[in-house]
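What follows is one structure encoded as structure tokens, with my remarks underneath.
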Protein chains: 2
Amino acid sequence: MKRDSRLSVALHVLLHMAQRQASMTSEEMAACAGTNPVVIRRTFAGLREAGIVASTKGHGGGWSLGRPLSQISLADVQDALDEPVIALGRAEDSPGCLIEQAVNAALDEAVVEARALLTKRLATVSLAELFGRVDTTKIPLPKDHHHV
Amino acid sequence: MKRDSRLSVALHVLLHMAQRQASMTSEEMAACAGTNPVVIRRTFAGLREAGIVASTKGHGGGWSLGRPLSQISLADVQDALDEPVIALGRAEDSPGCLIEQAVNAALDEAVVEARALLTKRLATVSLAELFGRVDTTKIPLPKDHHHV
DNA sequence: TTTCATGTAATAATATTTGTTACATGAAAC
DNA sequence: GTTTCATGTAACAAATATTATTACATGAAA
């Protein structure tokens, strides 16, 4: 299946924004992620609502971080995207089938736990930390930037 | 995205097999799950390799459980299907981008942990237990069976 | 008022999962 | 031995999900 990769894209672009320390247009952001500006605007709409980024329209507009990297956890970004994250597909409903109900209940329980763990785990990592893991000495200067 | 629901389907059908206490054709199994016989054969091929079920060809053939329900955990079934179960989509590769590498590494770590928890959790539940959770007094007799 | 950038709807392209058809293979029944 | 029934697969079609693209309205600066 084609998996939702918005979280990965969002984090990738957010760190590029941090690296630049300046606002970026969705076109520039799209270039970072190898995607389309409209996809960026769609993806980041959720982040804007969550206050993780801010956007301004018009000439000279663009996107910027809404608060310090240290105050943004990976879980914050995940939540802002409201993607399913973990989901076991459920079989087609056979209404009234007690067996199916028991199966789905059991699977749901386990999934809820795993999902909680994942969120908890993502909450322990801030963008600042993550940014710190990148060896910035090896990153080309902004002007050279394409997909780097 | 359309999520892989093979685990749900497999468990559902396995319990119906247990309830019947007799071998079933893939056509009968498909009726239980509201799907197609070929889909069942495909799905259960993995379970057969894992010894969870056995199949016999020819006249009077069909599928039967390979070992007692008590010796089959939900994790066994999950493994036999080798579906991804938990996966965060990854952005398109930007080869050599250190930021993307850091992002994906961080996400992978968290996913591996969540996946391990889910498997561990599924390993604690056997099909026998799960079957016990079904109120069998409410299940119509085999002859009445369609999607029940 | 021109230019630039976001916001969003509508639509197309792409990918994944599921469903279907077709037929080969194997085993029992006759 | 031939007919019947069921699995085993390949090949292909349909359904669904995600991503990409186009088009245009809106807002703000030059």
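Fair warning: this is a prediction, and the values are worked out from it, not measured in the lab. To find a chain, count down the sequence lines: A is the first, B the second, and so on, and within it residues start at 1.
Side-chain proximity of Asn36(A) to the nucleotides dT6(C), dA20(D), dG26(C) is greatest for dA20(D). The nucleotide whose nearest atom lies closest to any side-chain atom of Lys57(B) is, among dT18(C), dT19(D), dT7(D), dT7(D). Comparing dA22(C), dA23(D), dA30(D) against the side chain of Val38(B) picks out dA22(C) as the nearest.
Remark: Arg41(A) is in phosphate contact with dT6(C), judged by side-chain N or O atoms under 4.0 Å from OP1 or OP2. For the OP1/OP2 pair of dT19(D) and a distance below 4.0 Å, the side-chain nitrogens and oxygens of Ser5(A) include at least one atom meeting the criterion. The phosphate of dA6(D) has neither OP1 nor OP2 within less than 4.0 Å of any side-chain N or O from Ser55(B). Phosphate contact (OP1/OP2 of dG19(C), side-chain N/O of Thr35(B), threshold under 4.0 Å): present. An OP1 or OP2 oxygen of dA6(D) is reached within less than 4.0 angstrom by no side-chain nitrogen or oxygen of Thr25(B). Distances shorter than 4.0 Å separate some side-chain N or O of Arg48(B) from OP1 or OP2 on dG8(D).
When rounded to the nearest whole Å, the span between CD1 of Ile40(A) and P of dA5(C) equals 15 Å. In this entry the distance linking CD of Glu27(B) with C1' of dG8(D) reads 16 Å, nearest Å. With rounding to whole Å, Glu49(A) atom CD is found 13 Å from dT8(C) atom C1'. Computed from coordinates, the Met24(A) CE to dC4(C) P distance equals 19 Å when rounded to whole Å.
The structure places CD1 of Ile99(A) at 11.0 Å from CG of Leu11(B), a figure rounded to the nearest 0.5 Å.
Remark: dA29(D) base-pairs with dT2(C); criterion is Watson-Crick or G-U wobble with both hydrogen-bond distances under 3.5 Å. Pairing for dT2(D) goes to dA29(C), judged as Watson-Crick or G-U wobble with the two contacts each under 3.5 Å. Base-pair partner of dA10(D): dT21(C) (Watson-Crick or G-U wobble, both distances under 3.5 Å).
Remark: the Arg42(B) side chain and the dA10(D) base include no donor-acceptor N/O pair separated by less than 3.5 Å.
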field: Criterion side chain to side chain donor-acceptor pair (under 3.5 Å) on Thr43(A) and Arg6(A), from CA distance to verdict
entry: CA-CA 7 Å; Thr43(A) 302; Arg6(A) 284 178 300 158; 5.5 Å; no
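Closest approach of Cys97(B) and His16(A) over heavy atoms only: SG-NE2, 3.6 Å.
In terms of hydrophobic clustering, with Ile, Leu, Val, Met, Phe, Trp and Tyr side chains grouped at heavy-atom distances under 4.5 Å, Val38(A) and Met17(A) are assigned to different clusters.
In terms of position on DNA chain D, the residue among His59(A) and His59(B) whose nearest nucleotide sits closer to the 5' end is His59(B). Between Trp63(A) and Gly60(B), the residue anchored closer to the 5' end of DNA chain C is Trp63(A), taking for each the nucleotide with the nearest heavy atom.
Within a 6.0 Å sphere centred on CD of Glu27(A), heavy atoms belonging to other residues, nucleotides or ligands number 12 at most.
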